[in-house]
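Just so it is clear, the values below take in all heavy atoms, side chains as well, and ignore hydrogens, waters and symmetry mates.
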Amino acid sequence: MGSAVSPARPAGASRLATYFHVHLVSDSTGETLNAMAKAVTARFDGVIPIEHIYALVRSDRQMERVLEEIATAPGVVLHTIVDRALRAQLEEGCRALDIPNIGALDPLVGALSRYLGAALSTRVGAQHTLDHDYFNRMGALDYAMSHDDGQGTAEQLEGADVVLVGVSRTSKTPTCIYLAHRGIRAANVPLVPGQEDGERLVGLKNPLIVGLTVSPDRLIQIRRNRLDGLNANHASSYVEPDAVREETIKARRAFERRGWPTIDVTRRSVEETAAAILNLLNERRTRTVGVTW
């Protein structure tokens with residue numbers, strides 16, 4: 001357990017960290033519990049959990065071993081056990097040890113059950129669909145990183161759900177990463193004066209191509225901040241007002257000429273831009289399957 005410190009410690013003295021054992025018991029991978037434990041303990045200053053993770057606990061014997069481990073390092077028990085018998089075994093064991101145990105998903109599951117009027121599933125590992133979504137997100141993230149900043153041939157870009165196009169510093173990469181966490185395979189292609197104007201994307205059939213625009217004044221500000229961070233010289237067309245205005249105008253014209261939907265990111269956060277893109281994707285999918293509302 002952690003070290004306590006006296007309330008009368010000298011002014012300015014740093015508080016010693018408080019350590020405690022937290023036992024995470026799951027009938028699946030334990031990823032949900034791990035994320036929840038980290039999120040909660042991060043809310044406390046100077047508190048450091050010693051994590052004990054027990055994944056795929058699905059038998060009486062496995063639960064007995066878990067309780068033996070808990071007894072040797074008393075602390076807090078968090079669980080997502082679905083099977084009623086195993087859950088009862090864990091709860092009874094914790095009561096005997098006088099150790100608090102918390103069903104981490106109980107409040108949310110209970111509230112949804114009451115709202116939906118639906119019975120709970122007692123199938124062990126029922127959250128495997130979440131695991132499938134997790135791997136989809138990881139695949140999307142890998143795709144975004146592999147097709148960032150113009151990487152990939154036109155043939156490879158056909159595997160994208162969406163391709164973002166825009167001049168430098170229009171938040172293309174962070175937006176792609178955000179979309180990847182939603183399971184969307186996103187690539188991005190920068191428009192570079194004299195080199196790339198998006199022509200290679202014209203023949204793409206699968207992905208939705210979205211142009212990102214920004215006001216010249218805002219773009220100059222962002223680029224200057226970028227150069228300041230790099231301690232770079234500002235004397236270039238990268239931040240020269242006339243050159244930047246011409247660059248943004250050409251980008252807008254290219255989007256209009258090709259009929260690509262555009263999003264002005266001047267006053268949008270990455271989350272807001274991503275939400276607008278998700279709306280465009282949903283509209284496209286609705287038209288594709290011929291659904292009417």
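Judged purely by atom type and a 3.5 angstrom limit, Thr248 uses its side chain to pair as donor or acceptor with the backbone of Arg245. Looking at Ser28, its side chain never comes within 3.5 Å of a backbone N or O of Gly30 through a donor-acceptor pair. Arg58 contributes a side-chain N or O that, together with a main-chain N or O of Asp27, makes up a donor-acceptor pair within less than 3.5 Å. With hydrogens and angles ignored, the 3.5 Å screen pairs a side-chain donor or acceptor of Ser269 with a backbone N or O of Glu272. The backbone N or O of Glu240 lies less than 3.5 Å from no partner atom in the side chain of Ser237, so there is not a single donor-acceptor pair. Side-chain N or O atoms of Lys172 include one that pairs as donor or acceptor with a backbone N or O of Val167 at under 3.5 Å. A distance-only check finds no donor-acceptor pair linking the side chain of Glu51 to the backbone of Leu24 [under 3.5 Å]. Listed for the Asp149 side chain is no donor-acceptor partner under 3.5 Å among the backbone atoms of Pro190. A donor-acceptor pair under 3.5 Å links the side-chain atoms of Gln156 to the main chain of Thr153, judged by distance alone.
Residues Val189 and Leu204 fall within the same hydrophobic cluster, defined by Ile, Leu, Val, Met, Phe, Trp and Tyr side chains chained together at heavy-atom separations under 4.5 Å. Leu219 and Ile249 sit in two unconnected hydrophobic clusters of ILVMFWY residues. Membership requires side-chain heavy atoms under 4.5 Å apart, directly or through other members. Both Val244 and Val165 are members of a single hydrophobic cluster when ILVMFWY side chains are connected at heavy-atom separations under 4.5 Å. Residues Leu230 and Ile222 are members of separate hydrophobic clusters, defined by side-chain heavy-atom contacts under 4.5 angstrom among Ile, Leu, Val, Met, Phe, Trp and Tyr. Under a hydrophobic clustering in which Ile, Leu, Val, Met, Phe, Trp and Tyr are joined whenever their side-chain heavy atoms come within less than 4.5 Å, directly or via other members, Leu201 and Val192 fall into different clusters.
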Lys250 vs Glu246, salt bridge (charged side-chain N to carboxylate O under 4.0 Å, His left out): CA-CA, chis, key distance, verdict | CA-CA 6 Å; Lys250 284 185 175 179; Glu246 181 180 359; 3.3 Å; yes
Any chance you could lay out the side-chain contact (heavy atoms from CB on, under 4.5 Å) test for Leu78 and Val25, step after step, and finish with the verdict?
-> CA-CA 6 Å; Leu78 300 179; Val25 189; over 6 Å; no
Before giving the answer on side-chain contact (heavy atoms from CB on, under 4.5 Å), spell out for Phe255 and Leu191 the whole-Å C-alpha distance, their side-chain angles and the decisive distance to 0.1 Å.
-> CA-CA 11 Å; Phe255 301 154; Leu191 300 184; 3.9 Å; yes
Go through the steps for Ile277 and Leu164 under the test side-chain contact (heavy atoms from CB on, under 4.5 Å), then give the verdict.
-> CA-CA 9 Å; Ile277 291 167; Leu164 306 185; 3.6 Å; yes
Check the pair Val265 / Val270 against side-chain contact (heavy atoms from CB on, under 4.5 Å), numbers first and verdict last.
-> CA-CA 8 Å; Val265 301; Val270 167; over 6 Å; no
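Distance CZ/Arg285 to CG/Leu280: 11.5 Å, rounded to 0.5 Å. Separating the OG1 atom in Thr262 from the CZ atom in Arg252 is a distance of 7.0 Å, to the nearest 0.5 Å. With rounding to the nearest 0.5 angstrom, the CD1 atom of Ile184 is 13.0 Å from the OG1 atom of Thr175. With rounding to the nearest 0.5 angstrom, the CG atom of Asp83 is 8.5 Å from the CG atom of Asp60. A distance of 13.0 Å separates CZ in Arg267 from OG1 in Thr273, rounded to the nearest 0.5 Å.
Counting heavy atoms from C-beta outward, Ile177 and Leu141 have side chains that approach closer than 4.5 Å. Residues Leu90 and Leu86 form no side-chain contact, since every pair of their non-hydrogen atoms from C-beta on lies 4.5 Å or further apart. Taking 4.5 Å as the limit, every side-chain heavy atom of Thr213 sits out of range of all side-chain heavy atoms of Thr170. Between Thr41 and Phe20 the shortest side-chain heavy-atom distance falls below 4.5 Å. Counting heavy atoms from C-beta on, the side chains of Trp260 and Val210 never come closer than 4.5 Å. Here the side chains of Val163 and Leu208 are not in contact, with every heavy-atom distance at 4.5 Å or above. Using a 4.5 Å cut-off on side-chain heavy atoms (C-beta onward), Ile48 and Thr18 make no contact. Side-chain contact between Val162 and Ile209 is absent, with no heavy atoms from C-beta onward closer than 4.5 Å.
Look at Glu64 and Arg61 and you find a salt bridge, because one of the NZ, NE, NH1 or NH2 atoms lies within 4.0 Å of a carboxylate O, short of that distance. Ionic pairing of Glu69 and Arg65 is not present here: no N-O contact between side-chain nitrogen and carboxylate oxygen is shorter than 4.0 angstrom.
Residues satisfying the side-chain hydrogen bond (donor to acceptor under 3.5 Å, both in side chains) test with Asp142, not counting sequence neighbours, are none. By the side-chain hydrogen bond (donor to acceptor under 3.5 Å, both in side chains) test, Arg223 pairs with Glu247, sequence neighbours left out. Under the salt bridge (charged side-chain N to carboxylate O under 4.0 Å, His left out) criterion, Glu158 pairs with no residue, sequence neighbours left out.
Of all heavy-atom pairs spanning Pro241 and Ile220, the tightest one is CA-CD1, 3.6 Å. Taking all atoms of both residues into account, the shortest heavy-atom contact from Val22 to Pro49 is CG1-CB, 3.8 Å. The two residues Pro207 and Leu157 have their closest heavy-atom pair at CG-O, 3.6 Å. Contact detail for Gly183 and Asp161: the closest heavy-atom pair is O-OD2, 4.2 Å. Nearest heavy atoms, Ala276 versus Ile263: CB-CD1, 3.8 Å. Across all non-hydrogen atoms, the minimal contact from Ala144 to Cys176 is CB-O, 4.2 Å.
For the residue pair Tyr238/Ser168, the side-chain donor-acceptor check at 3.5 Å is satisfied. At a cut-off of 3.5 Å, with distance as the only test, a side-chain donor of Asp148 or Asn188 sits close to an acceptor on the other residue. If you check the side chains of Gln221 and Arg218, you find a donor sitting under 3.5 Å from an acceptor. There is a side-chain donor-acceptor pair under 3.5 Å between Thr266 and Asp264.
Sequence neighbours left out, the pairs with a member in residues 51-98 that pass ring pair (Phe, Tyr, Trp, His ring centres under 6.0 Å) are His21-His52, His23-His52, His23-Tyr54. The list of salt bridge (Lys or Arg N to Asp or Glu O under 4.0 Å) pairs with a residue in residues 177-199, not counting sequence neighbours, reads Glu196-Arg200, Asp197-Arg258, Glu199-Arg258. Legend: salt bridge (Lys or Arg N to Asp or Glu O under 4.0 Å) pairs involving residues 92-106, not counting sequence neighbours, sorted by first then second residue: Arg87-Asp106.
Counting non-hydrogen atoms of neighbouring residues, nucleotides and ligands closer than 6.0 angstrom, the CZ atom of Arg226 reaches no more than 12 such neighbours. Within a 6.0 Å radius of CE in Met138, other residues, nucleotides and ligands contribute more than 12 heavy atoms.
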